[in-house]
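All figures in this text were calculated on a predicted structure; none of them were measured in a lab.
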Amino acid sequence: MRMLRRVRVGVRLGGAFGAVALLLIIMIGVAVATTLAQRHADQRASESVALRHDALVAKFRTADFNGWQTAYAFDTIRGVPEATDDTVGTRAKFLASTAAFQQDLTRLGAHQLTSTERQQVTTAENAFTRFMEVDARIVSGYRTGTSASIAASNDLVSGEALYWFDQAATAVDQLAAQAETDTNADTAAADTTSNRGLQLMVVSGVICLGITAVLGWLTTRMITNAARNRAILAAIVEQSADATLAVTLDGTITTWNSGAERVYGYTADEVLGRSAKMLLLPDREALLASVLADLAAGRQFQYEEAPRLRKDGSEIFVSALLWPLCDDDGRIIGGAATERDITARKQREAEQKIADQHAAIATRLESLGLLASGVAHDFNNMLAIILNCTEFVAEDTGDEVADDLNRIRNAVKRARELTSQLLVFAKREPTQVEIVDLNVVVTDATDLLRRSIGANITLHSQTCSGALPVRANRGRLDQILLNLVVNARDAMPDGGAVTITTGITEVPEDPARNLSAGRYAELAVSDNGTGMSAEVKDRLFEPFFTTKTADKGTGLGLATVYGIVGDAGGTITVDSTLGVGTTFRILLPVVVHPAGAETETPETPESGCGEHILIIEDEDTVRELVVRILNRNGYRATAVGDADSALRMDLDDIALSVIDMNLPDRPGRAIAAELQTAHPALPVLFITGQGDDSADPTADANGATRIVYKPFTAAELLSNVATALQTAGA
């Protein structure tokens, strides 16, 4: 195609120079006209040559501004910054070229024109005016920036704008041809004049040679500029980070830039001449024929996320823009595409989606935890009343009634365990933590777990070679293992295998899982059971959610596990596939320098010696219950239902204040602070039915601050009262 273009330019230049030379020979050969006739002929010839010169300049100018319009349109499609700016780039050069063409038309109109020539100039001016109007609509569409407006502008470039350009170019071309005809006619007239015309012809010949030189210079400059512009455009395409390629209508790759090499991994030598199917996934190769047919029909289209295949076999995603390619005659000979690798962006979007899902689940579980904590608070108040009233009645009744009361007491203890599970889920259940080796926990629990899962299920445990010290409650870790293994057993009604593994893993900073970077002990429990659906996984850790029948599960097992793990500073994740199995993975922070945790041995409950104790509790029945227990065991108890009543009392003879941590008017710790402001030595014993994580048993400088969790027995209350008094008096 480039060779054909060069041949055409050469033919046009040769024709121009040949016509001028022929005119010179004719004028010299026929210089026989009179001086007046020769002078007149010279004047007409000069005017005709000047007209033809201006017409040819205008003709070449049309090609120039049409090329610049195509260039800035292509820049806009490719996303070149400021491609539609009137002051820079190819758009500015387009406007400069059109302004020059307008001046060319003005110069043509200033000539002495025939009616036919005047009509041709008028036609060129009208067509150029319409062309500029269409260009205004084109650039407005590009500046809008939407896919539809850009596509419409592209259609105008290759449609209506091209039509008016053709009308203007044709009119100028016809004017040049008419000027050529007029020049030949004037020369012929001069040839019939006297010999004096010879001198005129010599002068005219010199003029013709000058015109030839000017035309040659202008033509050479135009070709040089066009070649330079094409070279610049080619360099831009070659150096672009985006893949740019061209194909024939049968799908053969004909152009391949360095951006394509980076995106796909193929060099130009490896792809040129081969089918574009090599870049498509096997299941999408059939689409190539449809795409090529659309290109052959002149359609342009865009794909936001198109899968592609790299040289190494990996799959990537690209944003692709495809459009038809035409030759100089406007025939579609293939298609071109620019493609941008968006694989990393899609991966980031997928990771962000997962992080958002995790955050939503965490928020939902936090809300459920608050609900569970509130329910446990009220429930523990009632359990405390039932438990202690049952003990009071049991002390004064016979054996048969005592048995019934013992059953009630046992039911209360089971209910207390249930609320304990709720508080674990809510991360409010107080626990004694210690440094334990996760490997030892798994090894010690293996025999018990084997007895719990039945003979048709095999249990394997694989612990890592080194120690895995973690800071947690040993009983809670056993509870985690039991819950996960029993769930695995229930997921394998026909038998199967459960595998427990431990190991060390290095975790980078991961905001999605809310984990700090560092070393973590990993505990994994896997089964090859029925697996679970995505819907079940989303609700797996919600309290009271279960897929089991009512007689086989309460829905608190995994919610409890979730709370225990979170309370220990770790995370739990689950991978499950229907029909394949499930794996739970728990990460717990590794203790770098294990140190033995101190445990506190409670004092043996003792009777009081008349010490005056103040009780601040808003629940009437609980308040009366505490007073009754204390009064029956040697203490003097005074109870109030709110903080203001207590603050108005004379507290000089108060030996201990017992305060509910969740009073309606203000928190228990705030009340304790107000009391200790007036009486710094006053010890405090907190009671709570909601495992409040803000309560710190070591917060008091003298160690007298303690916490009793509802539902408590009389022995538990008395033991803590005695310990608080002894600590305060030490």
Under 3.5 Å donor-acceptor, [X] side chain and [Y] backbone:
{"X": "Ser319", "Y": "Glu305", "result": "no"}
{"X": "Arg118", "Y": "Gln112", "result": "no"}
{"X": "Asp329", "Y": "Arg331", "result": "no"}
{"X": "Ser576", "Y": "Gly531", "result": "no"}
{"X": "Arg143", "Y": "Thr84", "result": "yes"}
{"X": "Asn257", "Y": "Thr244", "result": "yes"}
{"X": "Thr114", "Y": "Glu117", "result": "yes"}

Arg585 and Ile572: CA distance, side-chain angles, deciding distance, side-chain contact (heavy atoms from CB on, under 4.5 Å) verdict: CA-CA 6 Å; Arg585 286 187 176 83; Ile572 180 171; over 6 Å; no
side-chain contact (heavy atoms from CB on, under 4.5 Å), paired with Tyr264, selected from Val318, Asp341, Leu309, Val271: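 When side-chain contact (heavy atoms from CB on, under 4.5 Å) is applied between Tyr264 and each of Val318, Asp341, Leu309, Val271, only Val318 qualifies.
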Single hit among Leu113, Leu51, Val57 for side-chain contact (heavy atoms from CB on, under 4.5 Å) with Leu108: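 Running side-chain contact (heavy atoms from CB on, under 4.5 Å) over Leu113, Leu51, Val57 with Leu108 returns exactly one hit, Leu51.
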Tyr303 and Glu339: CA distance, side-chain angles, deciding distance, side-chain hydrogen bond (donor to acceptor under 3.5 Å, both in side chains) verdict: CA-CA 9 Å; Tyr303 294 114; Glu339 299 182 341; over 6 Å; no
Return the [atom1] to [atom2] distance between [X] and [Y], rounded to the nearest 0.5 Å.
{"X": "Lys59", "Y": "Thr170", "atom1": "NZ", "atom2": "OG1", "answer": "9.5 Å"}
{"X": "Leu288", "Y": "Met278", "atom1": "CG", "atom2": "CE", "answer": "12.5 Å"}
{"X": "Trp323", "Y": "Asn154", "atom1": "CH2", "atom2": "CG", "answer": "9.5 Å"}
{"X": "Gln300", "Y": "Leu322", "atom1": "CD", "atom2": "CG", "answer": "8.5 Å"}
{"X": "Asp173", "Y": "Asp166", "atom1": "CG", "atom2": "CG", "answer": "10.0 Å"}
{"X": "Arg61", "Y": "Phe128", "atom1": "CZ", "atom2": "CZ", "answer": "10.5 Å"}

[X] side chain near [Y] side chain, heavy-atom distance below 4.5 Å:
{"X": "Val247", "Y": "Thr252", "value": "no"}
{"X": "Leu287", "Y": "Leu280", "value": "no"}
{"X": "Leu272", "Y": "Tyr266", "value": "no"}
{"X": "Thr116", "Y": "Gln120", "value": "yes"}
{"X": "Asn126", "Y": "Gln167", "value": "no"}
{"X": "Ser153", "Y": "Ile150", "value": "no"}
{"X": "Leu175", "Y": "Val121", "value": "yes"}
{"X": "Ile253", "Y": "Thr248", "value": "no"}

side-chain hydrogen bond (donor to acceptor under 3.5 Å, both in side chains) partners for Thr76, two or more places apart: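 For Thr76 there are no side-chain hydrogen bond (donor to acceptor under 3.5 Å, both in side chains) partners, ignoring immediate neighbours.
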Compare every heavy atom of [Y] with every heavy atom of [X], then report the nearest pair and how far apart it is.
{"X": "Tyr142", "Y": "Ala73", "answer": "OH-CB, 3.4 Å"}
{"X": "Leu295", "Y": "Gly335", "answer": "CD1-CA, 3.9 Å"}
{"X": "Val172", "Y": "Ala55", "answer": "CG1-O, 3.1 Å"}
{"X": "Ser149", "Y": "Gly141", "answer": "OG-O, 3.0 Å"}
{"X": "Ala169", "Y": "Thr62", "answer": "CB-OG1, 3.9 Å"}
{"X": "Arg299", "Y": "Pro324", "answer": "O-CD, 3.6 Å"}

Test: Asp135 and Arg91 ion pair at under 4.0 Å: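 Result for this pair is yes, salt bridge flagged.
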Glu133 with Arg130: basic N within carboxylate O range, under 4.0 Å: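 Here Glu133 pairs with Arg130 in a salt bridge, since their nearest N and O are under 4.0 Å apart.
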Residue pairs, two or more places apart or on separate chains, that pass side-chain hydrogen bond (donor to acceptor under 3.5 Å, both in side chains) and touch residues 269-282: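 For residues 269-282, and leaving out neighbouring residues, the side-chain hydrogen bond (donor to acceptor under 3.5 Å, both in side chains) pairs sorted by first residue read Thr267-Glu270, Glu270-Lys311.
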Working for side-chain hydrogen bond (donor to acceptor under 3.5 Å, both in side chains), residues Asp64 and Ser97: CA-CA 7 Å; Asp64 186 61; Ser97 182; 2.7 Å; yes
From CA spacing to verdict: side-chain contact (heavy atoms from CB on, under 4.5 Å), Leu587, Thr505: CA-CA 8 Å; Leu587 296 182; Thr505 182; 3.6 Å; yes
Atom CZ of Arg137: over 12 foreign heavy atoms under 6.0 Å: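 More than 12 heavy atoms, drawn from other residues, nucleotides or ligands, come within 6.0 Å of this atom.
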Flag if over 12 foreign heavy atoms under 6.0 Å of CD, Glu349: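 Yes, CD of Glu349 has more than 12 neighbouring heavy atoms, counting only those of other groups under 6.0 Å.
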Full working for side-chain contact (heavy atoms from CB on, under 4.5 Å) between Asp54 and Asp104: CA-CA 7 Å; Asp54 290 342; Asp104 293 340; over 6 Å; no
Tyr72 and Phe94 aromatic ring geometry - parallel, tilted or perpendicular at 30°/60° bounds: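 Geometry flag for Tyr72 against Phe94: tilted rings.
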Working for side-chain contact (heavy atoms from CB on, under 4.5 Å), residues Arg345 and Phe317: CA-CA 9 Å; Arg345 188 191 74 190; Phe317 289 88; over 6 Å; no
Partners meeting salt bridge (Lys or Arg N to Asp or Glu O under 4.0 Å) with Glu82 (sequence neighbours left out):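 Partners of Glu82 by the salt bridge (Lys or Arg N to Asp or Glu O under 4.0 Å) criterion come out as none, since no residue qualifies.
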Pair Phe60 and Phe65, ring centroids less than 6.0 Å apart: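 Aromatic pair excluded; centres sit 6.0 Å or further apart.
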